[in-house]
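Worksheet for the structure shown next.
In the text below, chain A, chain B and the rest are named by the order of the sequence lines, each starting its count at 1.
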Amino acid sequence: MSTGAVRREETGTTRDGGGAVVVRRTSARRLVWYWLLPVAVLAWELAARSGQAAYFPPPSRIVVRMYEMWFSGPPTRAFLTDEAVADLLPSLARLFAGWAMACAAGVLAGVALGRSVRLSALVEPLLHFARSVPPAALVPVFLALFKIGTPMELASIVYGVVWPVLINSMDGARHVDRQYIETGAVYRLGRLQRLTRIILPAAAPKIFAGLRLSVSLALIMMIISELVGSSEGIGHRMLEAQSQFDIPAMWAGIVLLGLLGIVLNTAFLAVERTVLSWHRSARS
Amino acid sequence: MTRIERGTLGALGVLGFLAVVEVAGRTGLIPGSVLPPISQVLAVAATLPLDERFRSDVLATLEACLSGLAIAALIAVPAGLLLGSVPFLERSVRPLVEFLRPIPSVSLIPLAMFLFPASQDAKTALVVYTCSWPLLINTLYGLGDVDPLAKDTLRSFGFGPLAVMWRVSLPSAAPFIATGARIAVSVTLIVAVSVELLAPGDGGIGAFQSLAGSANRIDRMLAATVWAGLIGLAANLLFTAAERRLFHWHRERTGVTA
């Protein structure tokens with residue numbers, strides 16, 4: 001595997017929107033380049049132990065706190081403690097529900113708008129304004145509307161996620177190669193078939209670029225909504241840890257959310273690669 | 001469709017939306033006790049710039065965003081140049097970057113509030129963290145895209161590595177860095193407003209909103225949201241326009257028309 005090939009692949013992914021690096025084929029030789037990770041963790045551990053930095057506890061204490069708090073439950077419950085069930089499940093459920101709702105709505109509306117010049121001209125200024133509103137500035141509004149609880153958090157996640165998905169889907173559906181559409185007309189495809197066989201596949205790379213952005217946005221909005229107005233969830237637990245000066249528990253939350261970010265991104269890239277494998281092979 | 005037709009349709013869309021929301025508010029479809037009618041919100045929004053407090057809040061938010069972005073650029077771009085020109089460093093640091101980057105910046109808000117008792121500093125620090133990653137990653141991508149022939153040409157004319165970096169690598173990576181900055185700016189506002197909502201001590205749009213919320217003035221809160229949207233829109237247009245103007249040669253070279 002030449003480094004030139006990797007590089008081309010990486011720049012290819014930035015061009016269509018996100019900025020995620022596609023890590024393919026983790027070979028032993030690649031793993032060697034991970035040497036800095038354990039070294040960094042070890043350096044942190046030693047520095048924290050000798051320096052007594054109050055806000056940077058050694059990683060070992062964070063891990064122990066994570067274990068005590070969340071993962072020391074009975075084997076029958078997959079080692080999750082009561083706290084884990086109370087903190088993690090609502091957060092994850094809202095994250096996925098909000099993300100799924102926003103993606104479905106965004107793709108549907110985006111494709112519809114992308115295929116109609118008049119409709120998109122009608123709503124475009126509104127869209128550009130709506131997506132420019134920082135979703136955090138709407139969280140207090142949702143809080144006043146729905147009070148503390150799941151509806152308010154769902155609304156925050158959906159609003160934060162829907163715009164990049166919608167705009168990218170619209171873009172993708174708008175720029176379908178005219179030849180494809182004409183070929184479909186020659187084969188007398190119906191409206192539904194034209195949509196599922198031609199427009200959606202042709203727009204898929206763009207749609208996925210929007211979805212990729214939306215994964216990290218959904219996580220950000222989940223955390224903000226839980227920090228600002230929630231009585232449960234990871235964000236709420238972190239705020240509680242902060243007010244009780246339980247620094248390792250606060251760090252446990254940061255580590256958990258970071259891991260969640262990595263897992264979600266990696267899983268999404270895997271799905272994207274599978275779904276878009278035809279696109280990759282058609283291009284090269 | 002001509003520009004004028006597009007513009008007319010767009011204006012119609014905005015007016016139609018406002019009319020529908022207004023009617024829904026007046027007829028009680030949206031309960032007036034929860035959301036004030038849109039005309040009232042817009043009227044309040046129009047008077048907000050006259051409000052001394054609101055002006056200073058907007059400035060506090062913008063100051064944190066801009067200084068954070070500037071500091072991030074001063075850190076991330078040189079770091080990217082260093083990593084990009086020393087392959088050993090880049091390959092060693094990249095896994096670390098890939099581990100740190102997905103950590104959502106807002107999850108660091110409680111930590112930042114400990115480290116920086118002044119909320120303005122906490123805000124700026126988080127903005128720096130948020131902006132550094134897209135800037136760093138895009139600098140690296142940009143450096144990977146530099147034409148090797150141009151570098152070799154300069155080298156064969158006897159230019160040193162620093163001169164090559166300054167005259168070839170940095171200019172050809174610049175459009176990518178600008179894209180990174182544009183991506184960063186939108187998240188910057190989210191982070192700044194979130195910190196202000198949680199720690200309203202030093203003012204800001206979020207602080208203004210949480211104050212309006214505790215006074216049960218939803219109209220003022222929504223009016224601030226409208227301004228936040230306008231600021232976001234202006235920032236986006238500004239960065240896109242600047243990118244087009246400064247880097248039109250890049251678009252011509254790569255053939256991207258959009």
Side-chain angles (χ1 to χ4, degrees), chain A residues 7 10-11 14-15 19 21 23 33-37 40 54-55 117-118 121-126 128-141 143-145 160 171 175 216 219-221 223-224 227-228 234-235 238-239 241-242 247 250-251 253-254 257-258 260-262 264-265, chain B residues 1 5-6 9-14 16-17 34-35 91-96 98-100 102-111 113-115 134 137-138 141 144-145 176 180 183 186-187 189-191 193-194 197-198 205-206 209-210 213 218 221-222 224-225 228-230 232-233 235-236:
Chain A
R7 212 170 266 301
E10 287 172 358
T11 45
T14 38
R15 285 255 172 75
V21 176
V23 183
W33 291 107
Y34 281 72
W35 66 270
L36 196 57
L37 279 179
Y55 299 128
V117 184
R118 281 174 179 283
L122 197 64
V123 297
E124 217 150 277
L126 275 177
H128 284 295
F129 176 74
R131 77 151 175 176
S132 305
V133 175
L138 269 168
V139 171
V141 178
L143 192 61
L145 257 181
D171 220 33
H175 298 119
S216 45
L219 196 58
I220 290 180
M221 289 315 296
I223 300 165
I224 294 177
L227 286 176
V228 175
I234 306 173
M238 284 173 73
L239 217 55
Q242 186 210 25
I247 311 286
M250 192 181 82
W251 271 97
I254 296 176
L257 290 171
L260 202 58
I262 294 171
L264 289 178
N265 274 315
Chain B
M1 208 186 290
E5 277 176 333
R6 282 191 84 83
L9 271 177
L12 276 178
V14 174
F17 171 79
V34 190
L35 280 189
R91 301 187 87 182
S92 302
V93 172
R94 198 174 260 285
L96 197 64
E98 293 304 320
F99 263 88
L100 290 177
I103 297 179
S105 46
V106 287
S107 74
L108 297 174
I109 290 178
L111 177 68
M113 280 158 68
F114 270 134
L115 292 177
I137 300 268
N138 276 281
Y141 282 136
D145 204 51
F176 289 83
I183 296 171
S186 55
V187 190
L189 268 177
I190 303 183
V191 171
V193 173
S194 311
L197 286 172
L198 286 163
I205 298 176
Q209 287 189 304
S210 81
I218 314 288
M221 200 154 99
L222 266 171
T225 308
L230 290 176
L233 192 63
N236 203 3

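Contact annotation for A/Leu219: only side-chain heavy atoms (C-beta onward) come within less than 4.5 Å of a heavy atom of chain B. When heavy atoms are compared at a cutoff of 4.5 Å, B/Val93 approaches chain A by way of both its backbone and its side chain. For B/Leu197, the part sitting under 4.5 Å from any heavy atom of chain A is the side chain, from C-beta outward, and nothing else. Heavy atoms closer than 4.5 Å to chain B are found in the side chain of A/Arg131, but not in its backbone. Heavy atoms of B/Ile205 lying under 4.5 Å from chain A are absent altogether. Interface remark: B/Leu100 contributes no atoms to any contact with chain A (heavy atom separation under 4.5 Å). For a residue to count as touching a neighbouring chain, one of its non-hydrogen atoms must lie under 4.5 Å from one of that chain's; by this rule A/Leu143 does not touch chain B. Contact of B/Ser210 with chain A is not made at all, since no heavy-atom distance falls under 4.5 Å.
For the pair B/Ser194/A/Val228, no side-chain contact is recorded, criterion being any heavy-atom separation below 4.5 Å from C-beta on.
In this structure, CG in B/Leu108 is found 7.5 Å from CE in A/Met238, a value given to the nearest 0.5 Å.
Chosen from B/Val106, B/Asn236, B/Val193, B/Ile103, the residue pairing most often with chain A at heavy-atom distances under 4.5 Å is B/Val106. For the options B/Leu189, B/Thr225, B/Leu12, heavy-atom pairs under 4.5 Å to chain A are most numerous at B/Thr225.
Using bins of under 30°, 30° to 60° and over 60° for the plane-to-plane angle, the ring pair A/Tyr55/B/Phe114 lands in the parallel bin.
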